[in-house]
Amino acid sequence: METMGMTDNQYKDFVEAIKEDLEELNEYKEANDNERYNKKYNRLMDRLEKSLNR
């Protein structure tokens, strides 16, 4: 099976999106908004898992 890699720009966009998600998670944690934190955390983990399984 052939593996397709990301371009540098795609990789940078991916990392930037993860960084923004982590910053948002931190805001939810600081505000004690556990419901939104858990929802965002689960979506982030799902996205990372899908990326690893490609």
Side-chain angles (χ1 to χ4, degrees):
M1 176 168 52
E2 186 176 333
T3 302
M4 297 291 291
M6 282 193 238
T7 65
D8 287 344
N9 285 338
Q10 288 172 321
Y11 179 75
K12 288 176 185 177
D13 289 344
F14 178 77
V15 171
E16 182 66 30
I18 297 296
K19 180 182 178 228
E20 289 172 3
D21 286 340
L22 290 172
E23 289 170 345
E24 191 174 344
L25 274 177
N26 192 45
E27 290 172 8
Y28 294 155
K29 194 66 169 177
E30 288 176 354
N32 288 324
D33 190 342
N34 291 327
E35 183 178 339
R36 290 175 80 185
Y37 177 90
N38 289 332
K39 184 177 179 182
K40 185 72 171 189
Y41 175 84
N42 289 328
R43 284 195 335 238
L44 178 59
M45 292 304 289
D46 287 343
R47 186 171 20 156
L48 290 171
E49 190 65 36
K50 286 178 187 175
S51 294
L52 290 172
N53 290 327
R54 287 186 179 182

Atom OH of Y28: over 12 foreign heavy atoms under 6.0 Å: yes
Value rounded to 0.5 Å, distance of NZ in K29 from OH in Y41: 11.0 Å
Validation row: R36, K39 side chains within 4.5 angstrom (heavy atoms): no
Quiz: residues 10-19 side-chain donor-acceptor pairs under 3.5 angstrom, not counting sequence neighbours:
from, atom 1, to, atom 2, distance (Å)
Q10, OE1, T7, N, 2.8
Q10, OE1, T7, OG1, 3.4

Gap between atom CG of L44 and atom CD of E20 - 0.5 Å precision: 12.0 Å
Heavy-atom donor-acceptor pair, N38 side chain to N34 backbone, under 3.5 Å: yes
Nearest-0.5 Å distance that lies between atom CG in L22 and atom NZ in K40: 9.5 Å
